[in-house]
2 protein chains.
Amino acid sequence: MRQERVEEYLGAVYRLRSDADTPLPLAQLAEYFGFSPVSVHEMVQKLEEGGWVQYHPYRGVTLTEAGTDAALALLRRHRLWERFLSDVLSLPWDEAHTVAGDLEHAAPEAVTERLSAFLGEPEACPHGGPIAPQATSALEQCLRSLGVGAEARVTRIAPEAPDLLRRIAQLSLMPGSLVKIVAQTAEATGVALLAEGGRQAVVPAADARAVWMEIV
Amino acid sequence: MRQERVEEYLGAVYRLRSDADTPLPLAQLAEYFGFSPVSVHEMVQKLEEGGWVQYHPYRGVTLTEAGTDAALALLRRHRLWERFLSDVLSLPWDEAHTVAGDLEHAAPEAVTERLSAFLGEPEACPHGGPIAPQATSALEQCLRSLGVGAEARVTRIAPEAPDLLRRIAQLSLMPGSLVKIVAQTAEATGVALLAEGGRQAVVPAADARAVWMEIV
DNA sequence: ACAGTTTATAAGGTATACCTTATAATCCAC
DNA sequence: GTGGATTATAAGGTATACCTTATAAACTGT
Ligand SMILES: [Mn+2]
Ligand SMILES: [Mn+2]
Ligand SMILES: [Mn+2]
Ligand SMILES: [Mn+2]
């Protein structure tokens with residue numbers, strides 16, 4: 001197995017899983033990568049042989065300790081590069097995410113640590129993802145799930161799909177933004193309406209599911 | 001052909017060739033990579049189909065214009081990352097070279113330009129390699145070729161082999177160092193002796209061939 | 001409890017980029 | 001101009017990581 005492939009799989013498992021013990025169905029991994037389920041199954045078997053994941057037939061994969069460590073290290077590198085690209089080189093945040101997706105595989109531990117120090121030991125990526133690997137705050141709720149009248153602060157955008165990031169940026173909904181839900185459209189197909197610092201914006205339901213908030 | 005492989009070959013051709021029109025023998029490429037000549041031959045044929053090189057049977061390869069452009073762009077990225085790793089993250093210069101060998105493939109044009117701006121548009125890598133692609137100064141001579149009594153300034157270390165770089169660093173022979181040749185040992189197996197700012201050092205003949213200087 | 005869906009496994013295929021062994025063509029130095 | 005070294009080419013092989021098609025097994029809801 002090539003190192004980069006291993007990392008991509010472990011990173012994906014970490015990002016997509018709901019919690020550490022609930023196995024992630026291979027179908028979800030396949031869909032995430034756009035690979036056939038058969039290919040993902042093959043790769044997962046190799047990952048299990050390598051001691052990175054545990055495979056639970058008919059249920060999915062969980063990360064072993066080694067797998068979790070590797071995934072966390074990857075995510076940390078990813079987010080540090082994102083900060084560098086975004087803060088130091090002023091790259092748009094969707095491009096920062098994309099480029100970091102390559103750089104993340106090419107920085108040994110020593111470089112990562114020095115990069116973190118240079119950046120001032122940041123705590124989150126430009127999209128709100130934690131850099132010091134810690135549990136996601138249990139207080140986070142997605143924008144979609146908030147009711148009319150709620151006031152909340154954006155903590156994070158996840159998942160970090162480039163086109164989604166571009167739309168979110170246009171609405172100025174970056175982490176830190178304070179927001180009040182002023183209206184809500186009908187059910188599944190609906191959108192959420194909200195006002196922020198005077199301005200108003202309409203967030204499509206699908207996008208609202210990727211915006212995570214903390215009620216204030 | 002995968003982009004990274006193409007880049008590695010073009011970069012190697014550029015670094016190893018003596019001048020633009022003299023073809024580089026495949027044997028030298030094979031030796032550089034540690035690949036079999038047959039494999040290199042196969043790859044060179046694909047590179048020719050791709051329009052990156054021209055192959056002159058029994059003589060070697062030359063870069064096409066597209067190939068030269070790609071090689072120069074790669075070298076530029078390589079050297080900018082070296083400067084970043086060395087200046088900003090304080091990595092030892094041999095490690096900077098090694099890590100840059102990976103990062104160089106993962107930075108799109110836009111990132112490269114911003115990186116260069118952030119670094120203050122540097123003109124050379126930590127080992128003296130030019131960043132703005134220009135002809136190497138014709139005044140450069142290698143340390144090995146200088147006679148006793150000559151006074152010169154180090155301009156560059158090439159090739160950038162990590163262990164060579166470590167030895168050179170220990171002798172404090174980085175680009176900029178001023179040096180006077182005070183003695184020279186016998187022929188091929190010999191070493192060159194020199195004094196620098198009071199200190200004295202003995203440079204093995206093989207290493208002296210990689211230290212390029214400008215007579216002052 | 002069984003039908004229908006989901007998941008697993010078997011079998012064979014592709015492309016990339018490396019390998020070895022063997023033979024053929026060419027070059028070069030004497 | 002020929003013989004020994006270099007270089008080219010042919011043929012077949014490996015590993016990785018993806019693919020499709022087809023069949024089998026297990027799960028799940030009614
Ligand atoms: Mn990646
Ligand atoms: Mn991010
Ligand atoms: Mn490289
Ligand atoms: Mn360099």
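Note: hydrogens, waters and symmetry copies are ignored here, and every other heavy atom, side chains too, is used. Just so it is clear: chains get the letters A, B, ... in the order the sequence lines come, proteins before strands, and each one is counted from 1.
Rounded to whole angstrom, the span from the OH atom of Tyr58(A) across to the P atom of dC27(D) amounts to 6 Å. In this structure, the CZ atom of Arg59(B) is 14 Å from the C1' atom of dT7(D), given to the nearest Å.
Atom CD of Glu31(B) sits in a sparse spot, with 12 or fewer heavy atoms from other residues, nucleotides or ligands closer than 6.0 Å.
Counting only residues at least two apart or in different chains, salt bridge (charged side-chain N to carboxylate O under 4.0 Å, His left out) contacts with residues 58-69 of chain B are absent.
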Enumerate donor-acceptor pairs with a distance under 3.5 Å from any side-chain N or O in residues 33-42 of chain B to protein atoms, sequence neighbours excluded.
| from | atom 1 | to | atom 2 | distance (Å) |
| --- | --- | --- | --- | --- |
| Ser36(B) | OG | Ser39(B) | N | 3.1 |
| Ser36(B) | OG | Ser39(B) | OG | 3.0 |

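Contacts between residues 19-28 of chain B and DNA chain D, defined by a heavy-atom separation below 4.0 Å, involve Leu26(B), Ala27(B), listed by number.
Here Gly60(B) lies out of heavy-atom contact (under 4.0 Å) with every strand. Within the 4.0 angstrom heavy-atom criterion, no nucleotide atom of any strand lies near Glu8(B). When heavy atoms are screened at a 4.0 angstrom cut-off, Tyr9(A) is found touching the sugar-phosphate backbone but no base atom.
Protein chain B contacts DNA chain C over a range whose 5' and 3' limits, counting nucleotides with an atom under 4.0 angstrom from a non-hydrogen atom, are dT16(C) to dC27(C).
With sequence neighbours excluded, the residues satisfying side chain to side chain donor-acceptor pair (under 3.5 Å) with Arg166(B) are Asp94(B). In this structure Ala100(B) satisfies the side chain to side chain contact (heavy atoms under 4.5 Å, CB included) test together with His78(B), Trp81(B), Glu82(B), Leu85(B), sequence neighbours excluded.
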Item to check | Ser116(A) vs Glu121(A), side-chain hydrogen bond (donor to acceptor under 3.5 Å, both in side chains): CA-CA, chis, key distance, verdict | outcome: CA-CA 5 Å; Ser116(A) 178; Glu121(A) 311 289 354; 2.6 Å; yes
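Residue Leu165(B) forms a side chain to side chain contact (heavy atoms under 4.5 Å, CB included) with just one option from Glu95(B), Met174(B), His127(B), and that option is His127(B).
Between Pro57(A) and Val6(B), the residue anchored closer to the 5' end of DNA chain C is Pro57(A), taking for each the nucleotide with the nearest heavy atom.
Put simply, the side chain of Leu74(A) does not reach to within 4.5 Å of the side chain of Leu10(A), judged on heavy atoms.
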